[in-house]
Structures are given as structure tokens and as C-alpha cells.
Protein chains: 4
Amino acid sequence: MPIVSEEHKRQRRNHILLSAQHCFAKKGYHITSMDQLVQHSGLSRGAIYNYFKSKEEIYLELMKGIVTREIEPIESQIKTLPTNLEKIAYLFDHYYQLEPMCEEQKEAFFVQLDFQLSASRNPDMMTLLDELHKNMKFELVKSILQEGKEAGELKLNIHIDIYTHMFWSFIDAANMQRILFPELPYQSIIRDQKQSFLTKITK
Amino acid sequence: MPIVSEEHKRQRRNHILLSAQHCFAKKGYHITSMDQLVQHSGLSRGAIYNYFKSKEEIYLELMKGIVTREIEPIESQIKTLPTNLEKIAYLFDHYYQLEPMCEEQKEAFFVQLDFQLSASRNPDMMTLLDELHKNMKFELVKSILQEGKEAGELKLNIHIDIYTHMFWSFIDAANMQRILFPELPYQSIIRDQKQSFLTKITK
Amino acid sequence: MPIVSEEHKRQRRNHILLSAQHCFAKKGYHITSMDQLVQHSGLSRGAIYNYFKSKEEIYLELMKGIVTREIEPIESQIKTLPTNLEKIAYLFDHYYQLEPMCEEQKEAFFVQLDFQLSASRNPDMMTLLDELHKNMKFELVKSILQEGKEAGELKLNIHIDIYTHMFWSFIDAANMQRILFPELPYQSIIRDQKQSFLTKITK
Amino acid sequence: MPIVSEEHKRQRRNHILLSAQHCFAKKGYHITSMDQLVQHSGLSRGAIYNYFKSKEEIYLELMKGIVTREIEPIESQIKTLPTNLEKIAYLFDHYYQLEPMCEEQKEAFFVQLDFQLSASRNPDMMTLLDELHKNMKFELVKSILQEGKEAGELKLNIHIDIYTHMFWSFIDAANMQRILFPELPYQSIIRDQKQSFLTKITK
DNA sequence: CATGAATGAGATTTCATTCAT
DNA sequence: TATGAATGAAATCTCATTCAT
């Protein structure tokens, strides 16, 4: 029974988090009420509180999951690539070729954006955001640039931290624009960005 | 009497909007309660409702004001510049040299970011945001690029709409990063962006 | 306007506290819901929260008021009595002659009893209870015994703290019994207690 | 099998009741949640509901047990004493020499106090309380006084009901004070009470 | 116009109890 | 019997807005 139960619990948690992702993306964290979440998830009020102790906890867990699910497949893809330059190129392609974004990805980006703003006013959230970014997103790019430098593929005088932030700055901005003004053709802008970034860091 | 009264009304409205800018920037629109606004403005609940019919109206009016106050001084500066290339360069410098941003500007950016997200879920807000951006921000850059093309300063094959969005995409991304990660040194990134943008559009 | 308003506010607070006294006495603090209080007071939910910031605050304020209203008239009566022995006798008579207790007094005793039990599990309440008892009830009797000793009316070897507690112990027990078993004839028991107490302390 | 099962059931019930005594004493009946009871007992929610049909039933059964366990050993001790005066004296000593009270006794008193207050607002509980007191506590003392009178040990003109209540009134008051103000030295007060009570009833 | 007390819908959370397994 | 996930009524509290003064 514990095995069935544990698996069941994991599924329920995920179901709730997915519902939350949908609701928070559609309406925003603050506007989404627990009752809306209850309604959308098809569970009862109490059931949700059996899995998460507050609305905020759902938000935090959701964020963790989103970043993890965003980064993990990238990480495993990147391991298969021979050079660090190709890895960086893959990263651009991965994000830029998300066009057309599927609904689930749009939702995930929305929630991230929403969370970033909320976090800037809430220390608890900021702590989590820092951790997630530092440990997952930033670390990913940073280590590629580092290894690229060490392997002699990249210029030695580039400042790794700055270029790491630069990379994510491009990605975030592009995603934000895509979400806010979905009708615009970003493909051409994006190709430029990739070229210019790669040129700058390559020997 | 009507003249004094009108002036008084204008001042009161501005005072409320400034309070709102401060509160919304610090805590976000949804988290800021009318009571906090009342407290910060020093007015009474009723007084505020005499000038604005709802919290949302304050938000909308605030946004209009912020964008107007952001763009108008730029527009008048730009009129004094002889070439369209210089105008674009000035725009980059204007935004990028805001370092260090004064509190009021930070607040204004925060409110804009917050508003953009809210707007993406609220048709009324989206309508206003579109108007403001289309009529003010986008139009500003678009007309410079247009005139630059016509004057033979800029390449003829650039797609104006795309480059206009590209410009604002840079600015927004930079501002977002500055707000969310204020400790990072963006000056060097930004200089690059300006150079690369100007290079691309110049003949 | 402030004067009218202040008086009005005082009246509303008192009205809420009286409602609370009634409800808490009838059902107990934990069982009485805010909505019952709202219903009984005839006000709205929000109105009550304009005057008190939580249900617990109402409880604490109510207790303060009850003890104050219980002790103040006694204190002013006692000032008019010439000897300390008469003062103590008056105290017994005051409590014992409350028969038949009026509804308001019964309610007040109930709330006190209820509060004492709640307080024994809640540090905040215990602090208040201690203060109220130490500063009002205990101090009242203690100072009479003290002065009686100094004036030579009472035995010199009685332990004041113990006799003070003994006094209140009688009163509390009698009130509890009267509330819980109202049909019993306590007058005769009580007369005994008074006599025996007075005999013990008198020279 | 049924015999083992019956014994097992009895043990489970007792285990639950003991847990309840502990929890109700520590936090009070209303504040203690079923989950706390579940946690403390180490059983499951369902298990508890197999033995008791509601939280209130646990409370009622607990009270019955407490009073029974309090009175039964006294009754058997009293049977061994030759005179009714000694029996009454024993009763005083039994309660007053509970100093220092063991944790289990403190808990039991707390629950009784808590129950008395709850009962005063709940007819079901009041019925039980009346039964328990009338049939066990009051009857115990009453019959001693009755027999003492008949045996010629005690004064003939004492009113048995009143003195019975007087006795329990002392005990309850002392216990209440001991629970609420545990640091106070009641031994001396108590010795007085015993003496004065015995004197009054003895020929 | 200004005030701020009042409103009450609605938000989050708790918890006694049930019931499928 | 035993389990504990699920239920949903109900509790506390908030807050945008109104309106009598």
C-alpha cells in the first residue's frame, strides 16, 4: 500500500502544481484564488491543503519544478555535444526555436515572469529565485563558458559572469516580448543576437 | 474660483498618482491596498475616490503619466539633434546612462513592468498598454528609423517594425535586469548592444 | 466632528464588548464565532474589525473591562469605610450578597472563568490575567490586610499573601459553584466562611 | 478470539482516552484537534472513529473514567475506616496531600474543570456531569455524613446537602487555585479548612 | 468637496468526519 | 478492523467601495 500511495501522492501533487501553473499563468498569482485553483484542479479545498500548506508553498514548489523541468533536458542534451561553442549555440537554438511555443511552455514562462516580479518584493521568494537561478540557470551557462575558456575555444579576456548574465538577459527579454506581443516576428532578431554573442566570445 | 479649483484638482490627482507610483512600485499593484495608498498619500479614502473612481483607474492613469513623462523629455531633446543616427544613439545613451537610476525612475520602471504583466491578463489594461506603446514608445523609434531611411542615413533593407521592437526589447530587458539584479555591472553589456545596433542599421 | 466621533467610537467599542460578553458567556470563547458576534452585535464583520484587530483582542479587552468594572465600585465604596476590618467584611458581603446575581454579573463571572482556563494555556492571556489580578484584585485585598496590620487591627503574624489568595479563592469557588449549580443555597455556607476568615485575622 | 478481541478493544479505548486526557488537559477540548489526538495516540483517524463516534463522545467517556478513577480508590479506602469522622478526615487528607500532584492528576483536574465549563453550555454534557457528580462525588460524602449523623458521631442539626456541597466546593476551589497559580503555598490554608469543617460537623 | 465608519463579498485556511481500499 | 486521503462546511480576517455627515 505505501508504494501505491506514494506514487498516488506524487501524481496528485503534480496535478495540483499543473493546475496552479495554468491558473497562475492565466491570471497571475495574486489574482488566482484558492477556490479557482480548487475548481480547476477538480479536487476539494481540503485535498489541496493535504499536499501543500499554503498558496505560497504551491507557488514556490511550482517555480522549483518549472526551472528544473526547463533546465534538466537542456543539461542532458548538452552533455552529448562535443564543444563548448556548440553547447552555447544549442542553448540559443533551444530557446529561440521554441517558436511556436506550446501552451505549457508559455504558461511556464508567464509564471516565471510573474514570480520574478513578486520575488522582488518578497524576501522568501527572492531567496528561492536566487537559489534556482544561481544553481541552475546561471551555473549551466557559467560552466560552459568556463570550460570553453579552459579548453581554448573561447577568448580568454571575456568576463564570465557578465556574459552569463548577458545570455540570460537576452533569453528573458525575448521570452517576455514573445509573451506580451505574440504577433511579432522575433526569429530574425534572435538570429542576430545569437551570431553577435557567439562572435564576441569566440577566439 | 473655477481656475483655482481646477489647478487644485490637478495637484491632488498628481499627488495621489505619485503616492500610487511609490506604493505600487514597492509592493506591486495587487498587494497594495487602498488603505496603504490612503496612508501614504495622507488623504482620506473618500478624497481619493473623488478623484478616481477605482483602484484600477488610478493604475491606468498612473501608467499614462509614467509613459508620457518618460517620452516627452526625450522627444523634445531629439528634436534638437540633426541626424537620425544621432537620435537613435541619444536614445541608447538616455536609457543606458540612467545609471545610477534615481528612485523615481526605478519606481516608474517597476510599475511599468508590473503593469505589463497585469495587462497581459486584463483586456482593459492591454488596450491601454497597446495604445501607450504604439502611440508613444514605438512611434518614437519608428519615425526616427523611417526618417533615417528616407534621409538616406540608414540601410534601406532594414525592417522598421522589427528594429523598433528590437530596440525596446533591449531597453526593457536591460531595465528588468537592473531592477531584479541591481548589483550587476551592465555598462559593458550595454555599450556592446548600442554599437551592434547602430552598426546594423547604418549604411 | 472629532468629539462626536470619539464618543461614537467609544460607544461602539462598548457595544461590541457587551455583545462579546454575552456571547462568550453563553457559549464560551472558542465556540463563539465571529459571525455569531456579528449577528448579535447587529454590526457588520468589517465594522467590528475596525474597532478590534482580532477575536482575541476583543477577549482581552473584554476581560480588562470586566475586572475594572468589578473592582472600581468596590474600591470607591471601601474608601468610605473607617476600619480595615469593616473593609474586609464589606468585600465578603459585596460578593455574597450578589444573590440573586443579575444576568450581566453572571455573564461577567462566566467570562472570567472561561478566560482563566484559556489563559492557563496561552501565554498572552496569562500575562494579562496576571496583570489584572495582581494589580487590581490581589492588590485591593493585600493593601487592606497590610494597613490593617499596621493599624493594629489585625494579627501581626498572618501571612498577607496567603490570606489574600485565600480570600479570592473563596470568592472564586463560590462564584463557580453558583454558576454551575445555581439551585443550591450558598448563603449559609458563605456566612460561615466570612465569620471564619474574619476570626482568623482579627486580633 | 472474541475474548482477546474484547480485551484488545478495551486497551485501545483506554489508550485513546489517555491520549485525549493528555491533549485536552494541555490545550483544552476545543483547541485540541482530532489530528493532534491522532498524532499523540499514534493511531490513525479511522481507528479512533472505530472506537468513538465523535470527538465529543471521547470527551464524555473520558470524564466518566476520570471521575470513576478518582472516586473508586477513595471508596475502597474509606470502607476500611471505622468512624465516619475519620472517613471525612481521610477525604480532606486525600485531596490536600496530593501535593505535589502527579502529572496525571493535574491533567485529570484540568479536564474536569474544562468539562465543567463546557457542560454549563451544553445540555448533553450537563446531564452527564450531573449524573457523575450526583451519583459518585456527592453521594460519597452525603452517605458518610448521613451515616455519621445516624451513628451519633455528627451533629444532628447540620444540613447534609449543604455540607456536602461545602466539602466539594472547598476541594474544587483548592484544585482550581493549585492549577491556575501553582506556585502558591496552599498547605496552611487547607489545614485550616479541614479543621474548621470537622469542628463544625462534630458533636 | 472631505471624511472615515460601515459594508459585505470573498480570501485563505482549518478540521471533524467519512469512506474506498 | 485499519488506514489516511478526501471532503466541504465553517472559521477568521481583508479590503475595495459607499455614503451619511
Side-chain angles (χ1 to χ4, degrees), chain A residues 1-2 4-6 8-9 11-13 30-38 41-58, chain B residues 1 5 8-9 12 29-39 42-58, chain C residues 1-2 4-6 8-9 11-13 30-38 41-58, chain D residues 5 8-9 12 29-39 42-59:
Chain A
M1 197 219 296
V4 171
S5 182
E6 280 310 304
H8 181 248
K9 274 170 80 166
Q11 280 183 14
R12 272 279 203 272
R13 269 183 72 93
H30 291 110
I31 288 191
T32 302
S33 73
M34 266 314 223
D35 274 13
Q36 281 170 273
L37 223 159
V38 162
S41 70
L43 300 177
S44 67
R45 264 188 274 272
I48 291 179
Y49 279 93
N50 279 340
Y51 293 94
F52 301 93
K53 69 179 202 298
S54 68
K55 192 179 154 190
E56 183 171 332
E57 199 188 70
I58 296 177
Chain B
M1 200 245 286
S5 180
H8 182 247
K9 269 174 80 169
R12 274 281 163 93
Y29 171 67
H30 290 112
I31 289 188
T32 301
S33 70
M34 270 311 226
D35 270 20
Q36 284 169 269
L37 228 158
V38 161
Q39 196 124 18
L43 300 177
S44 69
R45 267 173 255 251
I48 292 178
Y49 277 91
N50 278 336
Y51 293 98
F52 299 95
K53 70 177 205 293
S54 70
K55 193 179 156 191
E56 183 172 331
E57 198 189 69
I58 296 176
Chain C
M1 197 220 297
V4 171
S5 180
E6 281 309 306
H8 181 248
K9 275 170 79 165
Q11 279 183 14
R12 272 280 203 272
R13 268 182 74 91
H30 290 110
I31 289 190
T32 302
S33 72
M34 267 315 224
D35 274 13
Q36 280 170 274
L37 224 159
V38 161
S41 69
L43 299 176
S44 68
R45 263 189 276 272
I48 290 179
Y49 280 93
N50 280 340
Y51 292 95
F52 301 94
K53 69 179 201 296
S54 69
K55 192 179 154 191
E56 183 173 329
E57 199 189 70
I58 295 177
Chain D
S5 180
H8 182 247
K9 269 174 79 167
R12 274 283 162 92
Y29 170 67
H30 290 112
I31 289 188
T32 301
S33 68
M34 270 310 225
D35 270 20
Q36 283 169 272
L37 228 158
V38 161
Q39 195 125 19
L43 300 176
S44 69
R45 267 173 256 249
I48 291 178
Y49 277 91
N50 278 336
Y51 294 98
F52 301 93
K53 71 176 202 297
S54 69
K55 192 179 157 192
E56 184 172 330
E57 198 187 69
I58 295 176
Y59 202 25

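Please read these numbers as outputs of a predicted model, since none were measured by experiment. The chains referred to below are lettered A, B, ... by the order of the sequence lines, with proteins before strands, and numbering in each begins at 1.
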Atom pair distance, as rounded to whole Å: CZ in D/R45 and C1' in E/dT21: 16 Å
Closest nucleotide among E/dT13, F/dC13, E/dA6 to the C/S54 side chain: F/dC13
Whole angstrom value for the distance that separates C1' of F/dA11 from CD of C/E56: 15 Å
Partner residues of A/E57 under the salt bridge (Lys or Arg N to Asp or Glu O under 4.0 Å) criterion, sequence neighbours left out: A/K53
For atom CG of C/N50 and atom P of E/dT3, their distance in whole Å: 17 Å
Euclidean distance, atom CD1 of residue D/I48 to atom C1' of E/dT17 [Å, nearest integer]: 12 Å
Distance between P atoms of E/dC1 and F/dT21 (Å, rounded): 22 Å
Sugar-phosphate only, base, or nothing, as touched by D/Y51 at under 4.0 Å among non-hydrogen atoms: sugar-phosphate
Atom pair distance, as rounded to whole Å: CD in C/E57 and C1' in F/dC13: 13 Å
Results of salt bridge (Lys or Arg N to Asp or Glu O under 4.0 Å) for A/R12 - residues two or more places apart only: none
Whole angstrom value for the distance that separates P of E/dA11 from CD1 of B/I31: 16 Å
B/Y29: ring-ring contact (aromatic ring centres under 6.0 Å, His included) partners, not counting sequence neighbours: B/F24, B/Y59
Nearest-nucleotide pick for C/S44, side chain only, options being F/dT12, E/dA16, E/dA6: E/dA6
Gap between atoms OH and P, on B/Y49 and E/dA6 respectively (whole Å): 18 Å
Spacing of A/H30 atom NE2 relative to E/dT12 atom P, expressed in whole Å: 10 Å
5'-to-3' dot-bracket of DNA chain E (Watson-Crick, G-U; under 3.5 angstrom; crossing pairs as [ ]; | other strand): .||||||||||||||||||||
Within 6.0 angstrom of B/Q39 CD, more than 12 heavy atoms from elsewhere: no
Where at least one partner belongs to residues 42-52 of chain B, residue pairs that pass salt bridge (charged side-chain N to carboxylate O under 4.0 Å, His left out), sequence neighbours excluded: B/D35-B/R45
Minimum heavy-atom distance A/S41-A/I48, with the two atoms named: OG-CD1, 3.7 Å
Sugar-phosphate, base or nothing in reach of D/S33, heavy atoms under 4.0 Å: sugar-phosphate
D/K9, nearest nucleotide to its side chain (from F/dT1, E/dT18, F/dA5): F/dT1
Residues that A/Q36 engages under side chain to side chain donor-acceptor pair (under 3.5 Å), provided they are two or more places apart: A/S33
Nucleotide nearest A/M34 (side chain, heavy atoms from C-beta), chosen from F/dT12, E/dT13, E/dG10: E/dT13
Closest-nucleotide 5' rank along DNA chain F - winner of A/G46 and B/K53: A/G46
